[in-house]
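The first residue in the sequence is number 1, and the count goes up from there.
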Amino acid sequence: MTYTLKISDDLMERLDTYCEEGQSHEELIEELVSMYETEGTFLQEGYSE
């Protein structure tokens, strides 16, 4: 099943800064979700348990 998400222009610009050369927003989001599923949390700069 395919879903369409509407995101703000600001968030789109933020995604652009994290996309690697030739990487689509969809690919970046898939990578982030995969990291979250594997590790349980997103990595944050300066984060420690």
Item to check | Gap separating the CD atom of Glu37 from the CG atom of Leu32, nearest 0.5 angstrom | outcome: 11.5 Å

Next on the checklist: Rounded to the nearest 0.5 Å, what separates atom CG in Leu5 from atom CG in Leu11?
Outcome noted: 10.0 Å

Item to check | Flag side-chain contact, heavy atom, 4.5 Å: Leu28 against Glu20 | outcome: no

Checklist entry - Do the side chain of Thr38 and the main chain of Met35 share a donor and acceptor less than 3.5 angstrom apart? => result no

Item to check | Minimum-distance pair of heavy atoms, taken over all atoms of Cys19 and Ser24 | outcome: SG-O, 3.9 Å

Next on the checklist: To check you understand the geometry: which heavy-atom pair defines the closest contact between Gly22 and Glu27, and what is its length?
Outcome noted: O-OE1, 3.9 Å

